[in-house]
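Below, read A as the first sequence line, B as the second, and so on, with proteins coming before strands; counting in each chain starts at 1.
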Amino acid sequence: MSVDLMIGACARAWDGDGEVLASGIGIVPRLAASLAMHRNPDLMMTDSEAFIVSEPVPIGPRNGYVPQFETWMGFSRVFDNVWSGKRHALVTPTQVDRFGQANISAIGDYARPKVQMLGVRGYPGNSISHANSFFVPNHTTRVFVDGEVDMVSSIGYNPERLPKGYSPDDIDIRLIVTNLCVMDFGGPGKQMRLVSLHPGVTTDQVVENTGFDISIPGEVPETAAPTAEDLELIAGFDPHNLRTTAVR
Amino acid sequence: MSVDLMIGACARAWDGDGEVLASGIGIVPRLAASLAMHRNPDLMMTDSEAFIVSEPVPIGPRNGYVPQFETWMGFSRVFDNVWSGKRHALVTPTQVDRFGQANISAIGDYARPKVQMLGVRGYPGNSISHANSFFVPNHTTRVFVDGEVDMVSSIGYNPERLPKGYSPDDIDIRLIVTNLCVMDFGGPGKQMRLVSLHPGVTTDQVVENTGFDISIPGEVPETAAPTAEDLELIAGFDPHNLRTTAVR
Amino acid sequence: MDKTTTASEAIGSLEDGMTIGIGGWGPRRKPMALVREILRSDIRDLTVVSYGGADVGMLCASGRIRKLVFAFVSLDFIPLEPYFRMARQNADIEIMEIDEGMLLLGLRAAAMRAPFIPTAVGLGTDVVTRNDAIRTIESPYGDGKEWVAMPALTLDVALVHVDRADRRGVCQIKGSDHYMDDLYVRAAKRAIVSCDELVDTSYFHDSAEEARYVFWERSATSAVVHAPCGAHPSSCNPLYGIDVEHFKKYAASAKEDDGWQAYVDEFVTGGEARYLDKVGGEAHIRSLPLPVY
Amino acid sequence: MDKTTTASEAIGSLEDGMTIGIGGWGPRRKPMALVREILRSDIRDLTVVSYGGADVGMLCASGRIRKLVFAFVSLDFIPLEPYFRMARQNADIEIMEIDEGMLLLGLRAAAMRAPFIPTAVGLGTDVVTRNDAIRTIESPYGDGKEWVAMPALTLDVALVHVDRADRRGVCQIKGSDHYMDDLYVRAAKRAIVSCDELVDTSYFHDSAEEARYVFWERSATSAVVHAPCGAHPSSCNPLYGIDVEHFKKYAASAKEDDGWQAYVDEFVTGGEARYLDKVGGEAHIRSLPLPVY
């Protein structure tokens, strides 16, 4: 699937977000955030290190480009932003279940994992505090698992895990963009729902590669292709063409 | 009473303190802290604004003197130091009772004070966190009151107010230097105790001007006079001679 | 997003009964232009949270405060704030008197969306016994101690004054201390910021050092009011110092019959341009020497 | 007070079973010279608190860790830390896996001498269900919600690496981020600081700006170890970047039989001077380009 199509689809995660920090973790999410910020300059981005910048920083070697610093935001201050709710992160989990619960910690038995990954990172705090979207470059039943993910790193819409005093509306999982389609949680009772199919992809392909039932509307549109302007912008944000190697 | 004698006596509050922030609030306490830091350069002082300095800053107009900044410590960071316990403050409360409880908040009925003063400031946190000493420029029964102070701004050795899980040894009120004498809490059961009398002052004078019983040892020495070196140092820390007007 | 607005529009958005946090410290970098705008409005019944100076005094004098959350109110070189003192001694206001560090914790709790922060601060003092609203708790980890549960001080609105800001709400404080202003802003649902200088965003691009003096992200700024000398008579280090003479005049007014009304007539009525004129003009204010502590 | 000492003396003061916090973040400004000194010692059964990188990996590889408190362990450009991964997959270590912000709160609670800080973070996730040691509580202010009581992470010792320090423990970090190093230092009973440069106190007097990059008062520093390039192979921005080649070699060693022993023999054994020589010398390290993120 064209990486630019996915970047364009991911960028729409921030549509209507107003003034929040757009955090895109990884090459595709970051390029998507850059595109979104170009469309909505109220969005905020960082230099992926310690400063909020006034315009997206192109990825890869800078070749003389100087980031337009406007606000220091080292890691100790990141959480002030996270907990304020004024952030929307697009992340790439290893597993996602029907509740939107995600896992980047460990696969298999938690006491003795088959595969130890990064650890939960900021997923618990992100998911209880602000909007989150997921980018899944390999839409398979190994990612979209039956049952629960092996280690619930971020809260989703699982009623059995809903904390006391919370309603499902307090959780805000926005968009899931994969190499096959775009989904959200607009199905009945926050069920995962097919929003659009990438060009050439069928509903059956999505169903086969998803480990649980999703809501499928009668009419599923095709994911909009990026415009010529989008393509030019994406190329500008990725002058070294790193995105082509980012997705298998 | 000679202000320099009181400064010299106050300075000894920090004897043996090692490496703590010496906070002297007011002219006499600050000059005392300066003298103490000269003797023990492990002590720390601030510029009374937002920086820790490597040597005491003379009081009053600077006339070209530049404070030797070494560490930023704005108010938001002050409390990190306070709560670490590595501080010893010398303050000037309006009332002190036999438990060492002090008041700078209000005199009279708390709901409708006869005299509203500053408010408790940092007294509650100081007194539960680190060593504290008092400077009392006017030793009278209006300061050293019978019963409890009108508004207990700092914790003392009052057993009825001792928090659950605390022992009196968790509270550390060191020295009280007045215009008449030096006292501490070395009497039986943390009773206030006369340590030394300033030249020309009698025990009776102290007793008459104190609203409660204090412990009086058989032999009460005279408060040591500042040495010639002390006097020179004090004069250096107070180039504009502000201390002479600081004490009535 | 252009967040610039006028002081009167910004203050016009406040409502009776709101909880307002006021940045600065004593007579230092107080958002006095915004406070004066409150005096010119008919807003009342405020709960005010402040490391207090003349901001609190003036709001007391004009009867706007229902409840004050404070650790001190002082003008530093005039230790006792005269109008605050009067309000307390006349029992005109409710109070929640707490330790300076507890106030920080209350703001920090609100900023991090926590209901309270446990602390030893306040134990054994009248801060606990005089404040029914402050509870003590035990730790779930069983240390056998009691702890003060300092409640979150969630603000409807924060008012702060900064050296400079751009139209999008990037705010810079170059003085030696930003006090707890970042916590006020983060603890608030809305933050109204007055600034001495309104600058282009490119101001902050000169070097990464400039961005170090920006203490919150612009999404936390709701409105920007360009108010040159807007901290006067408090200081705005390094731009100008405290106006000692003005504070003396202000304090003296409290000793006169109808002294407050006379102060209002002379300085508050008629808007901020008249105020700056009455107190000697911007050039005069910018020449006020920085305080030495 | 002259706090300078050698790495071996400083690490010699550690005891089996201690709780050790390690500053830095992933492959950034880690006190690796101090970590290598632990590898050269016989200390074991450590509880390690870290935003983990190769510090955690090496301590796992050499069997020093009984329990790890972490949110992630990663080398960034090599996302999965090989020896940490091995230790987990072999169930060699106990863990307390928490959110990055919870780790900050645990350090902050310890720094402010609070037993815990309540937070919503962790609710609904396995961070709560998998950690018996983390309790949920209700607020005494009755908001009808449950809250995670993140316990204080009180450290016996903190290990951090800074750009420069004086002999009295005034420590400066000029890089774009000091991470949580100040919280590690404040959360610890003792803080051992390694520094790239040992400077005279007068270094900090050049301007007040220099003191802005000092993040804790010297009383919080217990020992100063002069360790040029002591963060290698992690970065010490702005002095030097990550040693990508070295990390690749380190990560590759995990795929070999006895790869860890070979790494130890080549780089750890024989002291730090030999180490610097083996990895190309100080001049080479200082020429490593700063990472671009």
Side-chain angles (χ1 to χ4, degrees), chain B residues 46-51 57 59-62 69 72-79 82-83 99 101 103-106 108-129 148-158 160-166 170-171, chain C residues 25 28 51-52 68 70-74 79-81 84-92 94-95 97-102 104-105 107-108 119-130 136 138-139 143-148 175-183 215 237 289 291-293:
Chain B
T46 73
D47 65 348
S48 297
E49 199 167 357
F51 290 93
V57 175
I59 61 175
R62 300 270 160 87
F69 304 118
W72 185 78
M73 196 167 74
F75 282 119
S76 56
R77 201 175 281 171
V78 163
F79 302 100
V82 169
W83 299 332
F99 304 115
Q101 298 175 147
N103 177 21
I104 44 164
S105 163
D109 176 14
Y110 188 67
R112 194 185 181 106
K114 191 173 156 226
V115 183
Q116 172 65 42
M117 300 177 297
L118 289 176
V120 295
R121 295 217 63 164
Y123 274 37
N126 293 353
S127 57
I128 199 81
S129 303
E148 280 195 303
V149 294
D150 292 350
M151 197 281 183
V152 177
S153 308
S154 60
I155 188 172
Y157 299 114
N158 183 350
E160 294 195 4
R161 286 181 181 261
L162 194 68
K164 187 181 167 201
Y166 283 74
D170 294 327
I171 314 301
Chain C
W25 182 281
R28 314 183 201 184
Y51 293 98
L68 178 67
F70 75 108
F72 65 83
V73 183
S74 174
L80 305 181
E81 217 293 340
F84 159 69
R85 188 172 194 174
M86 212 179 281
R88 275 287 285 139
Q89 294 176 189
N90 292 334
D92 286 339
E94 290 175 45
I95 57 167
E97 181 174 4
I98 53 177
D99 174 89
E100 291 167 356
M102 290 172 76
L104 174 150
L105 291 178
L107 294 173
R108 187 175 278 170
T119 177
V121 178
L123 289 176
T125 75
D126 276 337
V127 159
V128 170
T129 56
R130 299 287 188 181
T136 58
E138 299 196 356
S139 164
D143 52 21
K145 290 184 170 181
E146 64 181 313
W147 295 91
V148 173
S176 57
D177 199 343
H178 59 281
Y179 313 122
M180 316 304 180
D181 284 12
D182 53 336
L183 294 176
F215 295 94
N237 173 353
V292 171
Y293 295 97

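- Among residues two or more places apart in sequence or in another chain, the salt bridge (charged side-chain N to carboxylate O under 4.0 Å, His left out) test is passed with B:Arg161 by B:Glu148, C:Asp126.
- In this structure, the separation between CG on C:Leu183 and CZ on B:Phe75 is 14.0 Å, given to the nearest 0.5 Å.
- Chosen from B:Ile171, B:Val57, B:Ile104, B:Ile155, the residue pairing most often with chain C at heavy-atom distances under 4.5 Å is B:Ile155.
- Using a 4.5 Å cut-off between heavy atoms, C:Thr119 does not touch chain B at all.
- When each of B:Val115, B:Asp47, B:Val82 is scored by its heavy-atom pairs under 4.5 Å with chain C, the top score falls to B:Val115.
- Note: B:Asn158 CG to C:Thr125 OG1 = 12.0 Å, rounded to the nearest 0.5 Å.
- Looking only at heavy-atom pairs under 4.5 Å with chain C, the residue among B:Asn103, B:Val120, B:Leu162 that has the most is B:Val120.
- Here the closest non-hydrogen pair linking C:Arg88 and B:Ala106 is NH2-CB, 4.4 Å.
- The part of B:Ser153 that comes within reach of chain C is its backbone (N, CA, C, O), which places non-hydrogen atoms under 4.5 angstrom from that chain.
- The greatest number of non-hydrogen atom pairs below 4.5 Å with chain B, out of C:Asn237, C:Val292, C:Leu123, is found for C:Leu123.
- Interatomic distance, C:Phe70 CZ to B:Ser105 OG, rounded to the nearest 0.5 Å: 6.0 Å.
- Judged purely by distance below 3.5 Å, without hydrogens or angles, the side chains of C:Glu97 and B:Tyr110 pair a donor atom with an acceptor atom.
- For the options C:Glu81, C:Met180, C:Met86, heavy-atom pairs under 4.5 Å to chain B are most numerous at C:Met180.
- Proximity of a side-chain donor or acceptor of C:Asp99 to a complementary backbone N or O of B:Gly125 within less than 3.5 Å is detected.
- Contacts of C:Glu94 with chain B are absent, with no heavy-atom separation under 4.5 Å from either backbone or side chain.
- Considering every non-hydrogen atom in both C:Asp177 and B:Ala50, the closest pair reads CB-CB, 4.1 Å.
- The backbone N or O of B:Gln116 sits less than 3.5 Å from a side-chain atom of C:Arg85, completing a donor-acceptor pair.
- Taking 4.5 Å as the limit, every side-chain heavy atom of B:Arg121 sits out of range of all side-chain heavy atoms of C:Ser74.
- Counting heavy-atom pairs closer than 4.5 Å to chain C, the top residue among B:Ala111, B:Gly108, B:Ser129, B:Gly122 is B:Gly122.
- Among residues two or more places apart in sequence or in another chain, the salt bridge (charged side-chain N to carboxylate O under 4.0 Å, His left out) test is passed with C:Arg108 by none.
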Carefully, step by step, assess B:Leu118 and C:Val73 under the rule side chain to side chain contact (heavy atoms under 4.5 Å, CB included).
CA-CA 6 Å; B:Leu118 289 176; C:Val73 183; over 6 Å; no
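- In this structure, C:Val121 and B:Ile128 approach most closely via the heavy-atom pair CA-CG2, 3.9 Å.
- The NZ atom of B:Lys164 sits 12.5 Å away from the CH2 atom of C:Trp147 when rounded to the nearest 0.5 Å.
- Ranked by heavy-atom pairs shorter than 4.5 Å toward chain B, the options C:Ala91, C:Gly101, C:Pro79 are led by C:Gly101.
- Interface check for chain C: of the options B:Gly119, B:Pro113, B:Gly165, the most heavy-atom pairs under 4.5 Å are formed by B:Pro113.
- The two residues C:Gly124 and B:Pro163 have their closest heavy-atom pair at N-CG, 4.2 Å.
- Chain B forms more heavy-atom pairs under 4.5 Å with one residue of C:Gln89, C:Met102, C:Lys145, C:Arg28 than with any other, namely C:Gln89.
- Atoms CD1 and OH, on B:Ile59 and C:Tyr293 in that order, are 15.5 Å from each other to the nearest 0.5 Å.
- For chain C, the nearby part of B:Asp150 is the backbone; its heavy atoms alone come within less than 4.5 Å.
- Distance alone, capped at 3.5 Å, places no donor-acceptor pair between the B:Glu49 side chain and the C:Ser176 backbone.
- The CD atom of C:Glu100 sits 8.0 Å away from the CG atom of B:Asn126 when rounded to the nearest 0.5 Å.
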